[in-house]
**Q** 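Here it is, the structure, as structure tokens.
Index from 1, following the sequence. Values reported hereafter were calculated over all heavy atoms of this structure, with side chains retained and with hydrogens, waters and symmetry mates removed.
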Amino acid sequence: MAIQQFIDSIIAAHGGQAAYSALDSIKLDFTFTGALLGLKGRPGILNPTSTVSTKEQKVVYRGLGGSADEEWVFTPNRVWKQRAADGTLIAELNDPRKAFEGHVLDTPWDDFHFIFFCGTALWQYANFPYLLARDDVKATEVDSHQENGQTWRVLEVQFPEQSVLTSHSSTQKYYFDDKFVLQRHDYAPWVLAGSPAAHYVYDEVVVGGLTFPTLRRVIAINPADGTPLYHGPIPTLVHLIIRSIMLNKQGTASNGEYEWALTAAPRI
């Protein structure tokens, strides 16, 4: 199968470019925990609400940190805190990429580091696979992968410079089942000193015709042999449970077709 046909099949399997392009934003409520929080000096369990733009690299969080009336906002070139009621600026950091210079894996993060990481991550996750339609995102199919008794096709993706599109890393791999649905995503985030990780997705739901995983687990990859460390010694780095999804669609009032909620949503 030619690469463009493969990409078209992936996008179609997740709902299609037309349905995605009609969106303004995706609202996600989720539970966030994992060893990464402790590693970066931010241990705990978070239950944030986020609004992820589909038109620009921007994510607005409530409940990621700070007081109850704060919003934390990510954009690639500026991160800031504001009052939710009126947008009054509390604090900001321009050129946040520079704030990671000299960091090693266990360098603690302040609030601005955390906003930048969380924004970069969630924006990329929520807008995939539709990013594959961008002219500056290049993809190549590589050798298939065997895991858990399944054969997954693998797409190696080259993202543009961080100044053009902020992402975890310039090269990332995506693994798809025989229905072209995403199963796994590998990357080595530059903000985490290039430490390789495998990101598994589970429990897909369809909202407004678009497919979203509702459980995400990120584990370390053994750099010596490239195998995911399912059972340690490093614990799960990031664990996300999506509790609700709402699509904000151009010219359409919110209704049940564009909303989903996890029944008896767990809070860890």
Side-chain angles (χ1 to χ4, degrees), residues 28-53 57-84 89-127 159 161-163 165-170 172 185-199 216-221 223 229 232-242 267-268:
L28 301 170
D29 295 353
F30 59 97
T31 296
F32 175 13
T33 187
L36 179 64
L37 293 174
L39 181 68
K40 289 302 182 178
R42 312 184 69 90
I45 300 169
L46 301 173
N47 290 290
T49 294
S50 64
T51 301
V52 183
S53 174
Q57 277 204 279
K58 183 177 183 180
V59 182
V60 180
Y61 286 100
R62 296 278 303 265
L64 195 63
S67 61
D69 67 338
E70 287 184 28
E71 291 179 333
W72 289 10
V73 186
F74 157 82
T75 63
N77 298 315
R78 176 177 173 247
V79 293
W80 70 95
K81 305 175 185 181
Q82 64 187 23
R83 298 295 175 199
L89 182 66
I90 300 170
E92 66 180 331
L93 177 67
N94 291 299
D95 197 8
R97 286 187 294 273
K98 289 188 64 175
F100 292 90
E101 292 179 356
H103 277 212
V104 295
L105 182 58
D106 59 355
T107 302
W109 282 345
D110 64 20
D111 290 347
F112 292 122
H113 294 118
F114 194 47
I115 296 169
F116 184 86
F117 169 78
C118 292
T120 297
L122 194 63
W123 188 87
Q124 183 175 337
Y125 304 158
N127 285 284
F159 286 89
E161 294 292 328
Q162 295 291 329
S163 59
L165 183 71
T166 298
S167 62
H168 275 322
S169 55
S170 58
Q172 303 181 38
H185 173 201
D186 290 359
Y187 42 76
W190 61 271
V191 298
L192 292 169
S195 301
H199 179 150
R216 294 176 176 270
R217 182 190 181 205
V218 182
I219 60 177
I221 289 176
L229 299 173
I234 301 171
T236 297
L237 297 173
V238 173
H239 189 258
L240 301 181
I241 299 171
I242 307 301
R267 291 178 179 263
I268 298 173

**Q** How about Phe117 and Val79: do any of their side-chain heavy atoms sit closer than 4.5 Å?
**A**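 They are not in side-chain contact.
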**Q** Quick check for you: to the nearest 0.5 Å, what is the distance between Asn77 atom CG and Asp95 atom CG?
**A**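 Answer rounded to 0.5 Å: 7.0 Å.
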**Q** Starting at CZ of Phe32, measure out to CD1 of Ile241 and round the result to the nearest 0.5 Å.
**A**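 Between atom CZ of Phe32 and atom CD1 of Ile241 there are 12.5 Å.
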**Q** Please name the pair of heavy atoms, one in Arg97 and one in Phe116, separated by the smallest distance, quoted to 0.1 Å.
**A**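 What the structure gives for the nearest pair is CG-CZ, 3.6 Å.
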**Q** Are any non-hydrogen side-chain atoms of Tyr187 and Leu192 less than 4.5 angstrom apart?
**A**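 They are not in contact (no side-chain heavy atoms under 4.5 Å apart), so the answer is no.
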**Q** What pairs of residues pass the salt bridge (charged side-chain N to carboxylate O under 4.0 Å, His left out) test when at least one of them lies in residues 107-121, not counting sequence neighbours?
**A**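 Applying salt bridge (charged side-chain N to carboxylate O under 4.0 Å, His left out) to every pair that reaches into residues 107-121, excluding sequence neighbours, yields Arg42-Asp111, Lys81-Asp111.
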**Q** Could you label the plane-to-plane angle of the Tyr125 and His168 rings as parallel, tilted or perpendicular, counting under 30° as parallel and over 60° as perpendicular?
**A**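 Tilted, since the angle between the ring planes falls between 30° and 60°.
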**Q** Tell me if a side-chain donor or acceptor on Trp190 pairs with a main-chain N or O of Ser167 at a distance below 3.5 Å.
**A**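 Looks like yes, one N/O pair under 3.5 Å.
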**Q** Which atom names give the shortest non-hydrogen contact between Ser53 and Asn127, and what distance separates them?
**A**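 For Ser53 versus Asn127, the nearest heavy atoms are O-ND2, 3.4 Å.
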**Q** Any side-chain to backbone donor/acceptor pair from Lys58 onto Pro76? Under 3.5 Å, distance only.
**A**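 Not confirmed, Lys58 side chain does not pair with Pro76 backbone.
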**Q** Check the pair Ile90, Trp80 against side chain to side chain contact (heavy atoms under 4.5 Å, CB included), reporting the backbone distance first and the verdict last.
**A** CA-CA 7 Å; Ile90 300 170; Trp80 70 95; over 6 Å; no
**Q** Can you name the closest pair of heavy atoms from Ala188 and Gly194 and give their distance?
**A**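 Between these two residues, the closest heavy atoms are CB-O, 3.3 Å.
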**Q** If only atom types and distance count, is the side chain of Ser50 paired as donor or acceptor with the main-chain N or O of Leu28 below 3.5 Å?
**A**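 Checking the backbone N and O of Leu28 against the side chain of Ser50, a donor-acceptor pair under 3.5 Å is found.
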**Q** Identify the two heavy atoms, one from Ile219 and one from Leu237, that lie closest to each other, and give their separation to 0.1 Å.
**A**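 Result for this residue pair: C-CD1, 4.0 Å.
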**Q** Could you go through Leu46 and Tyr61, starting from their C-alpha distance and side-chain angles, then the distance that decides it, and tell me whether this counts as side chain to side chain contact (heavy atoms under 4.5 Å, CB included)?
**A** CA-CA 11 Å; Leu46 301 173; Tyr61 286 100; over 6 Å; no
**Q** Taking atom CG of Leu229 and atom OG1 of Thr236, what is their separation to the nearest 0.5 Å?
**A**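 The distance works out to 10.5 Å.
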**Q** Starting at OG1 of Thr166, measure out to CD of Gln124 and round the result to the nearest 0.5 Å.
**A**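 Reported value, rounded in 0.5 Å steps: 10.0 Å.
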**Q** Quick check, are the ring centers of Phe74 and Trp123 under 6.0 angstrom apart?
**A**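 No; Trp123 has its ring centre 6.0 Å or more from that of Phe74.
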**Q** As an exercise, state the distance from CD1 of Ile115 to CG of Leu64, rounded to the nearest 0.5 Å.
**A**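 Between Ile115 CD1 and Leu64 CG, I get 7.0 Å after rounding to 0.5 Å.
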**Q** Between Trp72 and Cys118, is the side chain to side chain contact (heavy atoms under 4.5 Å, CB included) condition met? List the steps.
**A** CA-CA 10 Å; Trp72 289 10; Cys118 292; over 6 Å; no
**Q** Where does the angle between the aromatic ring planes of Trp109 and Phe100 fall among parallel (under 30°), tilted (30 to 60°) and perpendicular (over 60°)?
**A**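 It falls in the perpendicular class, over 60°.
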**Q** Taking Gln57 as the fixed residue, which of Thr120, Thr75, Leu165, Val52 is the one that meets the side chain to side chain contact (heavy atoms under 4.5 Å, CB included) rule?
**A**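 Only match with Gln57 under side chain to side chain contact (heavy atoms under 4.5 Å, CB included): Leu165.
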**Q** Please determine whether side chain to side chain contact (heavy atoms under 4.5 Å, CB included) holds for the pair Lys40 and His113, giving the CA-CA distance in whole Å, both sets of side-chain angles, and the decisive distance to 0.1 Å.
**A** CA-CA 10 Å; Lys40 289 302 182 178; His113 294 118; over 6 Å; no
**Q** Return the CG to CG distance between Leu39 and Asp106, rounded to the nearest 0.5 Å.
**A**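 Answer for the CG-CG pair, Leu39 versus Asp106, is 6.0 Å.
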**Q** State, to 0.1 Å, how close Leu37 and Gly44 come at their nearest heavy-atom pair, and which atoms those are.
**A**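 So the minimum-distance heavy-atom pair works out to CD1-O, 3.4 Å.
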**Q** Does anything in residues 63-75 form a salt bridge (charged side-chain N to carboxylate O under 4.0 Å, His left out)? List the pairs, not counting sequence neighbours.
**A**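 Counting only pairs at least two positions apart or across chains, the salt bridge (charged side-chain N to carboxylate O under 4.0 Å, His left out) contacts touching residues 63-75 are Asp69-Arg83.
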**Q** So which atom in Ala193 and which in Leu105 form the shortest heavy-atom distance, rounded to 0.1 Å?
**A**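 That would be CB-N, 3.8 Å.
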